[in-house]
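To keep things clear, I will list the structure first and then write my remarks on it.
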There are 2 protein chains.
Amino acid sequence: MEDLIGLLRGAGVQPTPQRLAVARYVLATTSHPTADEVLEHARRECPTLSRATVYNTLTRLTEKRLVKSQSIKEGVVVFDARVEKHHHFIDEETGEIHDVPWDALVVSGKEKLKGFQIKEYQVVMRGRRKAGG
Amino acid sequence: MEDLIGLLRGAGVQPTPQRLAVARYVLATTSHPTADEVLEHARRECPTLSRATVYNTLTRLTEKRLVKSQSIKEGVVVFDARVEKHHHFIDEETGEIHDVPWDALVVSGKEKLKGFQIKEYQVVMRGRRKAGG
DNA sequence: GTTCGTGCAAACGGTTTGCAACAAT
DNA sequence: ATTGTTGCAAACCGTTTGCACGAAC
């Protein structure tokens with residue numbers, strides 16, 4: 001768990017108590033939190049943590065590719081500790097975002113698209129999580 | 001062109017000069033405008049048009065399925081006059097959003113996903129528009 | 001002592017809301 | 001009269017910025 005320090009150092013991010021609190025939460029969760037949700041949780045570990053520091057840290061972590069920011073929900077950016085390519089499913093009732101493994105879906109036809117140089121892509125699905133799923 | 005009045009009436013939206021100005025622009029463009037861009041353009045036809053009325057109207061048009069709102073760009077909602085299913089390509093340089101026809105791409109594997117009831121989906125691609133594309 | 005990080009508060013930009021004036025039925 | 005629409009201004013919410021204080025090298 002204290003490899004977090006090494007992880008941040010390795011990424012060129014000086015570890016501070018505030019950054020560790022942010023990183024500990026955002027890297028461990030799969031809930032795709034907003035900046036504010038990160039603040040709320042990280043404050044349990046570091047009560048003086050400020051909103052500005054959370055934004056700073058999340059921006060830094062994003063630059064260093066330790067997390068990825070996603071713009072798939074209205075009005076907010078959410079942060080994703082899963083940094084490898086994958087797809088997303090959004091439950092329209094609860095707003096929850098679920099990861100869908102990259103190779104669970106195959107998108108064909110991209111090669112034939114003329115005029116577009118695709119750097120990345122993902123499938124974004126909306127609907128409802130099934131009970132017992 | 002004055003079928004716009006009929007179109008709005010048919011959707012249960014009482015046509016007013018303001019709404020016609022908004023609808024005339026948003027239904028004709030393929031540029032995926034933000035609310036503010038709609039305001040800017042619709043004001044050319046109806047200079048007294050207010051921001052609030054634009055939001056009201058866009059919400060109304062969205063409810064009536066005359067346009068669709070998309071949350072694929074950071075921080076803003078954009079409006080899409082194309083109401084049928086299609087995919088999107090976002091030019092990371094210019095921010096422009098391009099429509100990709102539904103049957104240009106095939107997504108396979110969705111049926112095998114357990115636990116998700118998919119109501120809609122789309123492929124969101126990012127990259128650069130190729131010169132001459 | 002210079003650089004970097006923090007926290008506060010103010011600013012900002014997109015969006016929503018409350019409300020008084022007004023038009024339509 | 002009632003209902004619906006408009007436009008303004010204020011509120012709101014997520015995010016960014018400016019700045020002074022403090023910690024680390």
If only side-chain N and O atoms of [X] are considered, is one of them under 4.0 Å from the OP1 or OP2 phosphate oxygen of [N]?
X	N	answer
B:T53	D:dG7	yes
B:T16	D:dT6	yes
A:Q14	D:dA24	no
A:Y55	D:dT16	no

Expressed in angstrom and rounded to an integer, what is the separation of [X] atom [atom1] from [N] atom [atom2]?
X	N	atom1	atom2	result
A:L39	D:dC13	CG	P	15 Å
B:R51	D:dC8	CZ	P	11 Å
A:N56	D:dC19	CG	C1'	13 Å
A:F79	D:dG14	CZ	C1'	11 Å
A:R19	D:dA23	CZ	P	16 Å
A:E63	D:dT16	CD	P	11 Å
A:L58	D:dT15	CG	C1'	12 Å
A:L20	D:dA23	CG	P	18 Å

With side-chain contact (heavy atoms from CB on, under 4.5 Å) as the test, pick out the partner of A:V67 among A:V22, A:D80, A:L27, A:V83. A:L27

Any donor-acceptor pair under 3.5 Å linking the side chain of A:D91 with the backbone of A:T94? yes

Toward the 5' end of DNA chain D, which comes first, B:E74 or B:T48, by nearest nucleotide?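 Final value for this comparison: B:T48.
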
Are A:Y55 and A:L66 linked, directly or through other ILVMFWY residues, by side chains that come within less than 4.5 angstrom of each other? no

Are A:V76 and A:V38 linked, directly or through other ILVMFWY residues, by side chains that come within less than 4.5 angstrom of each other?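 No: no chain of side-chain contacts under 4.5 Å links A:V76 to A:V38.
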
Going by atom types only, do A:D99 and A:H88 share a side-chain donor-acceptor pair under 3.5 Å? yes

Please write out which residues are connected to B:I72 in a hydrophobic cluster, directly or through intermediates, given that two of Ile, Leu, Val, Met, Phe, Trp, Tyr count as joined at side-chain heavy-atom separations below 4.5 angstrom. A:I72, A:V78, A:I90, A:I97, A:V124, B:V78, B:I90, B:I97, B:V124

For DNA chain C, which nucleotides open and close the run of contacts to chain B, 5' to 3', at under 4.0 angstrom from a non-hydrogen atom? C:dG14 to C:dT17

I'd like to know if A:R82 pairs up with A:E84 as an ion pair, taking the criterion as any Lys NZ or Arg NE/NH1/NH2 lying under 4.0 Å from an Asp or Glu carboxylate oxygen. yes

